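First the structure, in the form of structure tokens, and then the observations on it.
This structure is a prediction, so every number in the text was calculated from the model and none was measured.
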Amino acid sequence: MHFPGRFADQLVADQLDRISLSFLVDELTIKRGGVAGNIAYALGVLGQAPVLVGAVGADFADYRSWLERHGVDTSGVHVFDDVHTARFVCTTDDDMRQIASFYAGAMSRARLIELQPVADRTGGLDLVLIGANDPEGMLRHTDECRQRGIPFAADPSQQLARMDGPEIKRLVSGAKYLLTNDYEWELLLQKTGWTADDVAAEVEIRITTLGEKGVQIVGRDGVALEVGVVPETAKVDPTGVGDAFRAGFLAGTAQGLSLERAAQLGSLVAVYVLETDGPQEWRWDRAAALLRLEGAYGPEAAREIAAALG
């Protein structure tokens, strides 16, 4: 939904403990989404072979068909007929700030899913991205990856607010990648009591998105790589922008690109989502994409990414 105004103008600082607000919105659209769905969709569009793993309700059939048409293997999705698929309800204001609610529904059953059968059926897993999901499911899947030696990316996202320090440490320790935005990064440090050096000892590569300032990538050596954004043509809806970056970045690394080039590809996919109403409504045009990459990062970057994309 869209609220034609600014949330900040509706807040009374000394009355926040009594807050009671209703926003009259002027738009309502229902879009396909979800962290895993968004990332898997984008990976499929970019020519990768993503396997979606999660728990859904009986209302998933149309969404399954859509994802499979775009290259997503949905064999790892478990259907529970007695509940609805998880739903995110979000209102965005004119400043692109968001207030949202999340209904878990079938997502709470994700803790029942084991990853090894998925790996056996698909011939092995190169990387498991453990995104925002049922907290117990996230912990189970992280533990299983560590026990089985499967590389994993920790992407706790919105669930950082739900989890305590020891749980967050359990999610992050041993990850190949730790993905957060800048606010989530500070929250992670606050809740765990870790320093940046402590995190570097636990994960191979930290990736922190910085909104309009781009992304920062830090390895265990402490050296930071900064990658700027692709200039947008419009700001339509920020929902799913972070998921899009992750998909582009992972597609790039899977194709052997450097961290810098992979982040540049991620930034391009992210801006496509920002310019589109809905996280899975954007379309891939290879020639146009390479032109935008050249404009943002130069001809050498565009050539290297083009070669990796095939």
Is it true that the side chains of [X] and [Y] contain a donor and an acceptor less than 3.5 Å apart?
{"X": "Arg18", "Y": "Ser20", "answer": "no"}
{"X": "Arg162", "Y": "Gln159", "answer": "no"}
{"X": "Asp197", "Y": "Thr195", "answer": "no"}
{"X": "Asp94", "Y": "His2", "answer": "yes"}
{"X": "Glu202", "Y": "Ser173", "answer": "yes"}
{"X": "Thr239", "Y": "Gln98", "answer": "yes"}
{"X": "Ser65", "Y": "Asp62", "answer": "no"}
{"X": "Thr276", "Y": "Glu281", "answer": "no"}
{"X": "Arg170", "Y": "Thr142", "answer": "no"}

Whether the side chain of [X] engages the backbone of [Y] through a donor-acceptor N/O pair (distance < 3.5 Å, no angle test) should be reported.
{"X": "Lys191", "Y": "Met163", "answer": "yes"}
{"X": "Arg206", "Y": "Gly219", "answer": "no"}
{"X": "Arg292", "Y": "Ala288", "answer": "no"}
{"X": "Arg32", "Y": "Asn38", "answer": "no"}
{"X": "Arg87", "Y": "Tyr103", "answer": "no"}

Short N-O contact, [X] and [Y], less than 4.0 angstrom:
{"X": "Asp143", "Y": "Arg146", "answer": "yes"}
{"X": "Asp95", "Y": "Arg6", "answer": "yes"}
{"X": "Lys169", "Y": "Asp198", "answer": "no"}
{"X": "Glu304", "Y": "Arg261", "answer": "yes"}
{"X": "Arg148", "Y": "Glu114", "answer": "yes"}

Could you go through the side chain to side chain contact (heavy atoms under 4.5 Å, CB included) check for Phe23 and Asp93 one step at a time?
CA-CA 10 Å; Phe23 298 100; Asp93 73 0; over 6 Å; no

Would you please test Val72 and Trp66 for side chain to side chain contact (heavy atoms under 4.5 Å, CB included) and show each step?
CA-CA 9 Å; Val72 179; Trp66 164 265; over 6 Å; no

Quick one: are the ring centres of Phe249 and Tyr177 less than 6.0 Å apart?
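They qualify: ring centres under 6.0 Å apart.
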
Test side chain to side chain donor-acceptor pair (under 3.5 Å) on Gln280 and Tyr63 and set out the steps.
CA-CA 11 Å; Gln280 295 180 35; Tyr63 197 176; 2.7 Å; yes

Can Leu115 and Val53 be said to form a side chain to side chain contact (heavy atoms under 4.5 Å, CB included), step by step?
CA-CA 8 Å; Leu115 296 177; Val53 178; 4.2 Å; yes

Measuring from atom CG of Leu129 to atom CG of Asp155, what distance do you get when rounded to the nearest 0.5 angstrom?
5.0 Å

So, for Ile217 and Leu259, which heavy atoms are closest and what is the spacing to 0.1 Å?
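Closest approach of Ile217 to Leu259, heavy atoms only: CD1-O, 3.8 Å.
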
So Asp59 and Arg64, salt bridge (Lys or Arg N to Asp or Glu O under 4.0 Å) or not? Walk me through it.
CA-CA 10 Å; Asp59 54 348; Arg64 182 195 297 276; over 6 Å; no

